[in-house]
Amino acid sequence: MKHTKWLIFCAVAILLAGAMSPKPHPKENSMQKAPIDTVFAQGEPNPYGKFFTGQTYLNMLSPKDDVFNAPIGNVTFEPGARTNWHKHDGGQILLVLNGEGRYQEKDKEIQILHKGDIVRIAPGVIHWHGAAPKSWFVHLSLETNAHQNGKTDWLDPVTDEQYQ
């Protein structure tokens, strides 16, 4: 009987200790940490999310300024996430850091991207890029010739049929 009371006391104490332990801040639960190795921090949910399908995260490593004129962003894509069709007046370079991704120029075949791949996108070329259906994907996005204009024109979403 003594042992039973002792076991019940210990079980209740353990349950109470768990209930009283600190809970994570709600913001910590609002962003899923990528299960993929990244060189730079994942960043916050992408503020340009309305131009994407699926969840992406952005960490601006070097914002556009008048000294360097070369915005660089670390973009993390959850599986299946992708940009809308778009074009950059000054062009863009993608440096793939990890995962499996997709890149396509208008009226061309989809390219499969892997860690170490570099995609050079000429000014004005309509394209999209994002993660493979079942893989996280991380790339650096470097906007080139940003001092000339640096404007991005966001176009229609990439349909599921185009993505597949």
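One is the number of the first residue; the rest follow in order along the sequence. All of these numbers come straight from a predicted model, not from anything done at the bench.
- Taken together through direct or relayed side-chain contacts under 4.5 Å among Ile, Leu, Val, Met, Phe, Trp and Tyr, I118 and V75 form parts of separate hydrophobic clusters.
- Q162 and W128 share no donor-acceptor pair across their side chains, judged by distance under 3.5 Å alone.
- For the residue pair W136 and I36, the shortest heavy atom distance occurs at O-CD1, 3.7 Å.
- The CG atom of L97 sits 14.5 Å away from the NE2 atom of H114 when rounded to the nearest 0.5 Å.
- Atom CG of D37 has 12 or fewer heavy atoms from other residues, nucleotides or ligands within 6.0 Å.
- Closest heavy-atom contact between N69 and D65: OD1-O, 2.7 Å.
- Counting all heavy atoms, side chain and backbone alike, G99 lies closest to F137 at C-CD1, 4.1 Å.
- Linking Ile, Leu, Val, Met, Phe, Trp and Tyr residues whenever their side-chain heavy atoms come within less than 4.5 Å leaves M60 and V39 in two separate clusters.
- Looking at N145, its side chain does come within 3.5 Å of a backbone N or O of G90 through a donor-acceptor pair.
- Using a 4.5 Å heavy-atom threshold, the side chains of P133 and R102 count as touching.
- With rounding to the nearest 0.5 angstrom, the CD atom of E44 is 11.5 Å from the OG1 atom of T76.
- Within the 4.5 Å cutoff, the side chain of K87 has no heavy atoms near those of the W85 side chain.
- Remark: the backbone N or O of N74 is not paired with any side-chain donor or acceptor of N59 at under 3.5 angstrom.
- Remark: R82 CZ to F77 CZ distance equals 11.0 Å, nearest 0.5 Å.
- A single hydrophobic cluster is not seen to contain both V125 and I93; linkage of ILVMFWY side chains at heavy-atom distances under 4.5 Å, directly or through other members, places them apart.
- With a 4.5 Å cut-off on side-chain heavy atoms, N98 and T38 do not count as touching.
- Residues F52 and T83 meet the side-chain proximity criterion, which asks for heavy atoms closer than 4.5 Å.
- The shortest heavy-atom contact between A81 and Q55 is CB-O, 3.4 Å.
- Scanning all heavy atoms of the two residues, the minimum distance from A131 to G80 falls at CB-N, 3.9 Å.
- Here the closest heavy-atom approach between residue L58 and residue P47 is recorded as CD2-CD, 4.0 Å.
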For this session: Dump the intermediate steps for side chain to side chain contact (heavy atoms under 4.5 Å, CB included) on F51 and T152, then the final yes or no.
Result: CA-CA 11 Å; F51 302 115; T152 300; over 6 Å; no

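- Panel note: side chain N84, backbone W154; no donor-acceptor pair is recorded below 3.5 Å.
- Following chains of ILVMFWY side-chain contacts shorter than 4.5 Å, one cannot reach L142 starting from F68, and the two form parts of different hydrophobic clusters.
- Of the listed residues (I126, L94, T144), just one forms a side-chain contact (heavy atoms from CB on, under 4.5 Å) with I121, and that residue is L94.
- Residues K151 and H88 have side chains not in contact (no heavy-atom distance under 4.5 Å, counting atoms from C-beta outward).
- Two residues are said to be in side-chain contact when any heavy atoms from C-beta on lie closer than 4.5 Å; I112 and E100 meet this criterion.
- Using a 4.5 Å heavy-atom threshold, the side chains of E78 and T56 count as separate.
- With a 4.5 Å cut-off on side-chain heavy atoms, H139 and H129 count as touching.
- Taking CG of L140 as the reference point, atom CD of Q92 lies at 11.0 Å (rounded to 0.5 Å).
- Cluster membership check: I72 shares its hydrophobic cluster with Y57, using side-chain heavy-atom separations under 4.5 Å among Ile, Leu, Val, Met, Phe, Trp and Tyr.
- Side-chain atoms of Y163 and Q104 include no donor-acceptor pair closer than 3.5 Å.
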